[in-house]
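Okay, structure first, notes after.
Side-chain atoms are counted along with the backbone in the values below, which use heavy atoms only and exclude waters and symmetry mates. So that the names make sense, note that chain A is the first sequence line, chain B the second, and so on, each numbered from 1.
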Amino acid sequence: MPFSPGLVHTPLTPFAANGSIDFDLFAKAIDFHLRHGAEALAVQMHAGESVSLTDAEKRRLIAFAVEQAGKRAPIIAHVSDAGTGIAASLATHAQAAGASAIVATTPYYWTPPPAMVLEHFFQIGAAVDIPFFVLNAPDDMAGGKINADLALKLIARLPNFAGVVDASLDWQFMIELMTDAGRARPDFRLFGGTELLVSAAAVGATGLFSALAVVAPRLVRGLFDLCRDSKFFEARPQQEGIAALRQILKPGGVAALKAAARTMGRDCGNPRPPLLPLDPAAERKLAAQIAASPSLAAEPRGW
Amino acid sequence: MQNKFRGVMQSPVTPLKDDFSLDLPTFERLIDFHVRAGAPAISWPHHKGESLNLTIDERKLFAEAAVKVVAGRVPVTIHVSALAVEDTMALARHAQDIGADGILAITPYFWTPTLDAIEAYFIRLCRSIDLPVLSYNSPSYLNGVEITGDVMARLIDTLPNFVGVKEASFNSEKFLEISRAALALRPNFAMLTGVEFLLPSVPLGGVGSYSAAGSICPNLCNELFDTCVAGEWGRAKELQYKMTRLWHLFKDQYPSSLKGGMVIMGRPVGPTRAPLPTATPERQAYIRAQLEDLGILESEPHGW
C-alpha cells in the first residue's frame, strides 16, 4: 500500500463574507494547486483552519476535494481532534469518501500519558486501511510531540502506519526516527512539515507538506525538486528565499497567510474567529514586503 | 579568507584521578592523541569537559597545558563560560595571555537574560580581548535563551572579532535564521553545530562542529565531515545515522558515558565529578556491546 506523492500542498479554506465556506472558490483553489506543482493535497491542515471547522464541514470538504481533484491527484484527509473516537470516525468517513491517506497529530488540549497518546494514534490508524501519517508539530500543539519510540510501537501495531510529517525541525528526532523506523519498515516515509526542507531531506525526508505554496508555488516546487535530486548545496538560495517568506508570515499566522494569498491575487477571505484578520496597515506592510522580495517575482498572480 | 575554525573540532574530556583531582599527564596525552588523530582544532573545557565542575584556577591550569601540548599544530580555543560573568572575563583575559587562538562563550547561565542583556554581554566580552570570539547557542539547555539572527547580525556589525557560533539548537529554522543573517554580513563567519550534526547543517552554510564522540571515534568524525563537504550525500547519510546512534548512546549521563566508553577504547580517563555519575561496570558493558554492534572497535584507534 505505498503512498508515493512527494510534494503535498495544504490549501486554505476560503470563507465568504458571512463566514460560510465558499466552495466555488475552494474548487478554484484545488485547480490552482494542481496546476502549480502539487502532487497531492492535504485537506484541511492547520493552515486550512481545520480546528475552526465543524465535523460536518470537514466531512464535506474532504468529499468535495476528492471529487474536485478527481484522478488528477490523491487527497490526504487531516483528521486530528481532541477525542480519539471523533478523530477515528472522521478517518473512517475520509476513507469512504475516497481519500487516499489520512494524517493526524497529538490530541488537542489534553496531555495524556505516552501510553494513551499511542492508543490515540492506534485507534485512528486502525479505523482505516489507507496509509496513516502522524503529524509531529510541537509548535502548534503547545509542545505536544512524538518520539522515535512511539513510532516504533505504532509500526509494530499498525500495518498502515506509513510515515511522519515533521514540523518540529528537530535534527535529532528526524535522524533517530529514520534510523529506527527505516529499519523496522523500509518504505517508512518522512515528510517535511514546513518548507525548511533541506536539512530534513538530507537526513531522509522524501516529501513536503507546504502551506506557503498558495503564495509561492514556483519557489516551493523548485526547492522540492532540488531536494528530491539531493542537490542540497544548490537548493540553498531557494531555501533561504522561502525561509525569508516564512519569517514575514510567521508572526501573523493564518491571518498573514491569507493576507499574502490575497496580495498574490488569490483571495480566500479572512480567517474565522477566534482569529482576527490582519489590520489594514499590517496587510499593506506585508504586501510591500512581498512586492519587494526578488525570490517571489516569478510567482503566479491570480488563480 | 576561510575561517580557521572548521571541521569536527575536538573538545577533550577532563581526566581525573580516582580521588577526583586533575590528572595532568593523562590530559596531556589526550590532547596529543586528538591532534594526532586528525583534530582540525582543540577546544577545552566544554560541558563534556565538566567545565562547571572545575574551579577557575583548575581551568586556567589545564588551559595552559592544552596550549603548550598542542604547540601551534592546530588552533586552540578556550571555553570561558562560567556561572559568574566576572569569571568569564578573567578566563578570557587568561586565554589571551597564554597564547590561545580564540575563545568560546555561551549565553549567560541561570538568569535567562533578555536579548539586550545578551548583546551587551558579548559586546563587553569581545571588547575585552583581541582574540577571535565564538558564541555558543544552546536554547534547549538554557531555558530557551538564545542569540537570534537579528542580535547575531548586530554583533557582527559591531565587533570585528566576533567570528562564529556553536549553534546547538539542532533545529533547521534556528540554524538557518542565524546563518542567513550572519553569512550575508560576514561570509567567513563560522557556522558550527554543537554535536556532530553535520549533514543537516553543512548544506545551510555549516562549516563544522564541536565533537561529542570524538574521543571514541575520531575517524568517523573526520570522514563524516569530508563526505558532507564533498556532497557525497548517500554515504554522508549512512555515517550521520551511525554518528547519531553514538550520540544517543552517550547523551544519556553525558559525559560519564563518554568516559566509560573511553575505557573500552583503551584510553581511560578516570571518574566524573559529582553531581554527575561515573559510569558503572554494567554501563560500560552496555556501551561496549553498542560499540561492537556499530563496528567502532574495528574502525577506530585503540589506546593512545
Side-chain angles (χ1 to χ4, degrees), chain A residues 136-139 143 145 147-149 166-183 190 192-206 208 223 226-248 250 295, chain B residues 139-140 144 148-150 167-184 191 193-207 209 212 224 227-251 293-294:
Chain A
N136 187 40
D139 286 353
K145 60 183 175 183
N147 56 30
D149 181 55
D166 178 76
S168 75
L169 308 174
D170 179 337
W171 299 343
Q172 192 171 306
F173 165 70
M174 288 190 272
I175 294 168
E176 284 178 9
L177 176 73
M178 293 312 285
T179 303
D180 295 347
R183 263 191 302 208
L190 175 64
T194 79
E195 296 79 2
L196 296 166
L197 184 61
V198 167
S199 302
V203 304
T206 54
L208 167 65
L223 172 68
L226 286 167
C227 287
R228 188 193 47 200
D229 296 341
S230 296
K231 292 187 168 151
F232 301 124
F233 289 129
E234 295 86 341
R236 204 166 131 203
Q238 281 84 350
Q239 180 66 93
E240 296 199 352
I242 204 84
L245 175 63
R246 178 175 157 88
Q247 297 311 316
I248 293 171
K250 203 174 169 184
S295 56
Chain B
S140 51
T148 59
D150 289 349
E167 210 298 297
S169 68
F170 317 135
N171 175 289
S172 305
E173 185 162 41
K174 290 181 189 298
F175 190 93
L176 183 63
E177 287 313 303
I178 293 173
S179 83
R180 283 204 306 137
L183 297 178
M191 285 299 306
T193 171
V195 178
E196 299 91 342
F197 284 112
L198 296 162
L199 179 55
S201 61
V202 167
L204 302 179
V207 293
S209 79
L224 174 58
T227 53
C228 286
V229 170
E232 295 166 16
W233 304 118
R235 177 75 180 145
K237 193 161 81 175
E238 277 173 40
L239 297 174
Q240 183 69 71
Y241 281 17
K242 188 171 179 176
M243 193 58 126
T244 306
R245 278 186 67 192
L246 282 163
W247 169 234
H248 194 74
L249 175 65
F250 290 120
K251 79 175 179 186
D293 187 47
L294 284 160

Relative to each other, are the rings of A:Phe232 and B:Trp233 parallel, tilted or perpendicular (30° and 60° limits)? perpendicular
Choice from A:Ala235, A:Ala200, A:Ala244 maximising heavy atom contacts with chain B below 4.5 Å: A:Ala244
Chain A heavy atoms under 4.5 Å from B:Val202: which part of the residue, side chain, backbone, both or neither? both
In sequence, state the C-alpha distance, the side-chain angles, and the governing distance for A:Phe173 and B:Phe170, and then conclude on side chain to side chain contact (heavy atoms under 4.5 Å, CB included). CA-CA 10 Å; A:Phe173 165 70; B:Phe170 317 135; over 6 Å; no
Check the pair B:Leu176 / A:Leu196 against side chain to side chain contact (heavy atoms under 4.5 Å, CB included), numbers first and verdict last. CA-CA 9 Å; B:Leu176 183 63; A:Leu196 296 166; 3.6 Å; yes
When you compare the side chain of A:Val198 with that of B:Leu204, does any pair of heavy atoms fall below 4.5 Å? yes
Engaged part of A:Met178 at the chain B interface, taking heavy atoms whose separation is under 4.5 Å: both
So which heavy atom on B:Pro200 is nearest to which on A:Ser199, and how close? O-OG, 2.6 Å
For the candidates A:Ala202, A:Ala201, A:Gly204, which exhibits the highest count of non-hydrogen atom pairs separated by less than 4.5 Å from chain B? A:Ala202
Side-chain ion pair, B:Glu173 and A:Lys250, N-O less than 4.0 Å: yes
Between B:Lys237, B:Arg245, B:Glu177, B:Lys242, which has the largest tally of heavy atom pairs under 4.5 Å with chain A? B:Glu177
Per-residue tally against chain A (heavy atom, under 4.5 Å) across B:Pro203, B:Gly234, B:Gly231, B:Ser169 peaks at B:Pro203
Would you mind telling me which of A:Gln239, A:Glu234, A:Glu176 has the largest number of heavy-atom pairs within less than 4.5 Å of chain B? A:Glu176
Exceeds 12 heavy-atom contacts within 6.0 angstrom, atom NZ of A:Lys231: no
Which pair of heavy atoms, one from A:Ser168 and one from B:Asn171, lies closest together, and at what distance? O-ND2, 3.3 Å
Here the gap from B:Ser179 atom OG to A:Glu240 atom CD, rounded to the nearest 0.5 Å, amounts to 5.5 Å
Taking all heavy atoms of A:Trp171 and all of B:Ser201, pick out the closest pair and write down the distance. CH2-CB, 3.7 Å
Value for OG (B:Ser140) from CG (A:Asp170), rounded to nearest 0.5 Å, stands at 8.5 Å
For side chain to side chain contact (heavy atoms under 4.5 Å, CB included), just list the numbers for A:Arg236 and B:Leu183, CA-CA rounded to whole Å, side-chain angles, deciding distance to a tenth of an Å, and then say yes or no. CA-CA 12 Å; A:Arg236 204 166 131 203; B:Leu183 297 178; 3.3 Å; yes
Tell me, with the steps shown, if B:Trp247 and A:Ile175 meet side chain to side chain contact (heavy atoms under 4.5 Å, CB included). CA-CA 11 Å; B:Trp247 169 234; A:Ile175 294 168; over 6 Å; no
Most chain B-contacting option - heavy-atom pairs closer than 4.5 Å, from A:Thr179, A:Asp180, A:Leu197: A:Thr179
